[in-house]
There are 4 protein chains.
Amino acid sequence: MSVNNPEKVTRQREERRSQILHASIGIFANKGLAAAKISDIAEAAGISHGHVYNYYSSKEELFVSLVKMLQERYGRVCEEARGREGNARDKLLWHARKIGEDENALNGMHVVLHAETIAGISAEEKREIPRRAVENLQPIIAIVKQGQEEGTFREGRPEELAVLYFALLNGVSGARRRGLGAVASPDEEQLVGLLCK
Amino acid sequence: MSVNNPEKVTRQREERRSQILHASIGIFANKGLAAAKISDIAEAAGISHGHVYNYYSSKEELFVSLVKMLQERYGRVCEEARGREGNARDKLLWHARKIGEDENALNGMHVVLHAETIAGISAEEKREIPRRAVENLQPIIAIVKQGQEEGTFREGRPEELAVLYFALLNGVSGARRRGLGAVASPDEEQLVGLLCK
Amino acid sequence: MSVNNPEKVTRQREERRSQILHASIGIFANKGLAAAKISDIAEAAGISHGHVYNYYSSKEELFVSLVKMLQERYGRVCEEARGREGNARDKLLWHARKIGEDENALNGMHVVLHAETIAGISAEEKREIPRRAVENLQPIIAIVKQGQEEGTFREGRPEELAVLYFALLNGVSGARRRGLGAVASPDEEQLVGLLCK
Amino acid sequence: MSVNNPEKVTRQREERRSQILHASIGIFANKGLAAAKISDIAEAAGISHGHVYNYYSSKEELFVSLVKMLQERYGRVCEEARGREGNARDKLLWHARKIGEDENALNGMHVVLHAETIAGISAEEKREIPRRAVENLQPIIAIVKQGQEEGTFREGRPEELAVLYFALLNGVSGARRRGLGAVASPDEEQLVGLLCK
DNA sequence: AATGAATGAGGCTTCATTCAT
DNA sequence: AATGAATGAAGCCTCATTCAT
């Protein structure tokens with residue numbers, strides 16, 4: 001069957017690539033690139049370790065593919081937030097909740113944040129990562145501008161507020177990933193509230 | 001000399017331990033425990049790789065010692081901030097600047113934040129790390145309480161505001177460590193300002 | 001094939017373990033645990049050094065497995081000797097010849113004899129080794145008793161004669177392994193003869 | 001003082017060499033050449049590890065010196081046994097007891113017996129060791145001949161009986177070094193008795 | 001003489017990657 | 001496609017040896 005249906009073959013191949021990629025998020029997030037073993041990822045994906053190499057030529061390529069996918073996915077969420085109906089506060093709240101409720105997204109941020117400092121990936125890819133990060137910040141900047149125009153957001157350069165928002169998002173997700181969640185786990189409303197007057 | 005002066009020998013030994021420890025901060029911060037090579041650290045410390053083992057019995061012990069030292073040092077800064085003269089805003093500003101101006105402190109936060117999720121360290125040490133993290137949060141919580149009493153800080157549970165402050169500190173230091181610093185680099189005044197009305 | 005036949009896979013795995021174990025006898029006998037290199041053993045087994053670790057988790061585990069196997073095999077020879085038809089002298093002669101003609105058995109005695117004094121193996125295993133050694137002495141003791149009842153063996157506590165026999169077996173095999181074989185190489189008949197009147 | 005008395009300096013140097021040599025017997029006997037650490041030996045000798053190298057240029061040289069010393073000492077005991085007054089049985093009994101009561105001598109046999117199979121010593125030294133061993137066997141052979149002439153010893157080639165005696169001596173000392181001593185510990189009278197009618 | 005800090009060669013072990021099945 | 005046996009590069013760690021004091 002698959003022999004006779006090249007389109008289906010391609011689709012199945014894409015699905016398998018995606019399966020491996022998603023299985024690797026938690027592994028990379030918890031262990032980092034160096035400590036993550038291909039066999040860990042294969043096990044999480046439910047395949048043999050050798051089979052991973054039929055889809056990705058190396059651990060680094062898998063990692064870079066993952067980072068790219070995560071950044072693009074995160075970028076789409078940012079774009080979607082900006083494009084929503086309503087005021088800036090609601091947009092940002094929707095964004096924070098969208099990220100906060102998705103464990104993969106939280107883990108993904110973690111993965112991405114460490115990708116740049118990492119050895120073993122090509123220089124070109126290393127340049128792409130912060131470029132996409134800056135690109136992904138634009139919709140947030142736009143939302144902040146809207147909020148300032150609406151008079152609900154704090155004053156200050158929108159870029160800086162956007163970075164602070166991103167820092168909060170990461171910091172809070174990190175705190176949850178660790179022990180501080182037991183002390184206090186601020187919700188998204190508080191988080192977004194900090195940017196408002 | 002060293003034969004005749006045991007006190008000096010002990011001190012020199014401590015200095016060498018400290019030298020290795022400090023040399024390792026940047027390495028661990030940039031690469032993580034798994035990717036950091038003992039030979040990297042030895043090189044940064046200006047000694048041979050074998051000599052490291054005259055001071056630390058393993059890479060893991062070195063890492064755990066570093067995390068402990070960094071947490072204690074961070075804890076002292078937090079305590080000192082709380083104990084200072086003046087209002088809560090000034091205390092927190094002093095704290096943020098103290099951390100922000102010290103590259104080792106920033107790198108150190110990064111090291112510590114990833115220590116807990118890491119394999120290869122004893123269960124006991126793993127428990128100690130979040131315990132010390134929570135302990136170190138107490139002075140910040142106290143400052144937040146003071147700020148709320150003074151009427152300058154936002155309302156909300158002090159614990160949650162303290163966690164948000166910590167998240168901001170980390171997030172901003174992380175953003176500086178990476179490419180976002182080029183877009184915008186919020187200063188400490190803005191950072192602390194978010195917690196104020 | 002291997003995919004479809006789990007029984008065969010298991011058997012092949014056992015065979016490979018056994019292959020490594022047997023290859024290691026000569027290495028350990030000639031060099032001892034500390035001086036024996038995993039790469040020596042791998043080379044003797046005809047595989048790469050890394051592959052050894054797919055079958056044994058460490059050099060020590062391999063060594064302990066070897067000692068255990070050798071003791072059990074030696075024990076079976078002792079049991080078989082006791083269970084044979086005939087008088088005590090013939091039984092012991094058969095035993096001495098069985099051991100003497102098998103280079104692996106001779107090397108094996110050598111390995112086992114040094115296992116107990118060795119560092120780097122677990123306390124439990126260290127206790128097991130002399131226990132099995134004593135257990136393996138029992139059939140010899142029984143043969144000595146029979147010989148004394150038949151009136152052909154020397155008087156004395158059977159345990160002590162059995163230990164003397166064991167000492168002779170080892171000592172003669174050791175002498176052969178070394179230079180004294182050139183001077184004189186007593187045969188099994190002489191060896192067993194010493195225990196007889 | 002020592003500056004002014006070169007003879008005394010030489011003597012003290014010899015004493016220190018001897019001290020190290022004797023301290024090393026137990027270490028080498030228990031661990032073997034490869035596993036014995038210079039620091040173990042230095043500790044047993046009560047000096048610093050670096051100081052050992054003021055007396056021996058390498059671990060191998062120390063080991064070879066030890067083996068030589070032990071063989072010569074053993075040779076003197078053999079010679080003395082042969083030269084004693086009395087019948088062969090008493091001579092051999094005296095010999096066995098002399099060796100048996102001296103822990104260093106027992107450990108020493110153990111050291112020597114493994115010296116030949118060991119790597120890391122020069123080819124010339126490797127040839128010397130069995131040569132001295134054969135040389136040391138001569139007095140025992142002479143005693144055996146005397147015993148056969150006296151009619152108290154078993155028949156057979158004297159060389160072979162001497163080798164058997166040596167095997168017994170080693171085997172019994174080995175059994176004592178290990179667990180079999182708990183089962184039975186044949187005394188020298190029994191040991192020598194085996195060679196007699 | 002005596003110490004122990006320092007070096008680096010070498011062996012153990014892991015795991016990314018390949019490849020026969 | 002899928003498996004896992006097999007390889008070997010690379011990093012941890014030990015310890016023989018050197019050397020400044």
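From a predicted model like this one, the values you see are computed outputs, not experimental measurements. Each chain gets a letter, A, B and so on, in the order its sequence line appears, and its residues count up from 1.
- What you find for Val111(C) and Ile25(C) is that their closest heavy atoms are CG2-O, 3.9 Å.
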Watson-Crick and G-U pairing of DNA chain F written in dot-bracket, each distance under 3.5 angstrom, with | for inter-strand partners
.||||||||||||||||||||

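- Residue Leu33(C) is the one, among Ala36(A) and Leu33(C), whose nearest nucleotide of DNA chain E lies closer to the 5' end (criterion: closest heavy atom).
- If you check dA1(F), dT17(F), dA2(E) against the side chain of Arg13(A), the one that comes closest is dA1(F).
- If you take CZ of Arg17(A) and P of dA2(F), they are 15 Å apart, rounded to a whole angstrom.
- Atoms CG and CZ, on Asn104(A) and Arg73(A) in that order, are 5.5 Å from each other to the nearest 0.5 Å.
- Considering only the side chain of Lys59(D), dT17(F) comes nearest among dA1(E), dC12(E), dT17(F).
- The nearest heavy atom of DNA chain F to Ser39(B) and to Ser58(D) marks one nucleotide each, and the one closer to the 5' end goes with Ser39(B).
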Output a table of nitrogen or oxygen pairs between the protein and nucleotides 8-10 of chain F separated by less than 3.5 Å.
residue, atom, partner, partner atom, Å
dA9(F), N6, His49(C), NE2, 2.9

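- In this entry the distance linking CD of Glu61(A) with C1' of dA16(E) reads 14 Å, nearest Å.
- The OH-P distance, from Tyr53(C) to dA5(F), rounds to 18 Å in whole Å.
- Enclosure of atom CD in Glu124(D) is not indicated, since only 12 or fewer non-hydrogen atoms of other residues, nucleotides or ligands lie within 6.0 angstrom.
- With distances taken from any side-chain atom of Asn54(C) to the nucleotides dT17(F), dC12(F), dT7(F), the minimum falls on dT7(F).
- We find that CD of Glu43(A) is positioned 13 Å from P of dC15(E), with the value rounded to whole Å.
- Computed from coordinates, the Ile38(A) CD1 to dA2(F) C1' distance equals 16 Å when rounded to whole Å.
- In this structure, CD1 of Ile20(A) is placed 11 Å from P of dT3(F), rounded to the nearest angstrom.
- With values rounded to the nearest 0.5 angstrom, Ile20(C) atom CD1 is found 9.5 Å from Ile41(C) atom CD1.
- Separation of atoms CE (Met69(D)) and OG (Ser24(D)) is listed at 7.0 Å; rounding is to 0.5 Å.
- Taking atom CD1 of residue Ile27(D) and atom C1' of nucleotide dC15(F), one finds them 15 Å apart after rounding to whole Å.
- For residues 28-50 of chain B, the set of pairs meeting the side-chain hydrogen bond (donor to acceptor under 3.5 Å, both in side chains) definition, not counting sequence neighbours, comprises Lys31(B)-Asp40(B).
- Remark on DNA chain E: of its neighbouring residues Glu60(C) and Val52(D), the 5'-side contact belongs to Val52(D), judged by nearest-heavy-atom nucleotide.
- Put simply, CD1 on Ile47(C) is 18 Å from P on dA20(E), counting in whole angstrom units.
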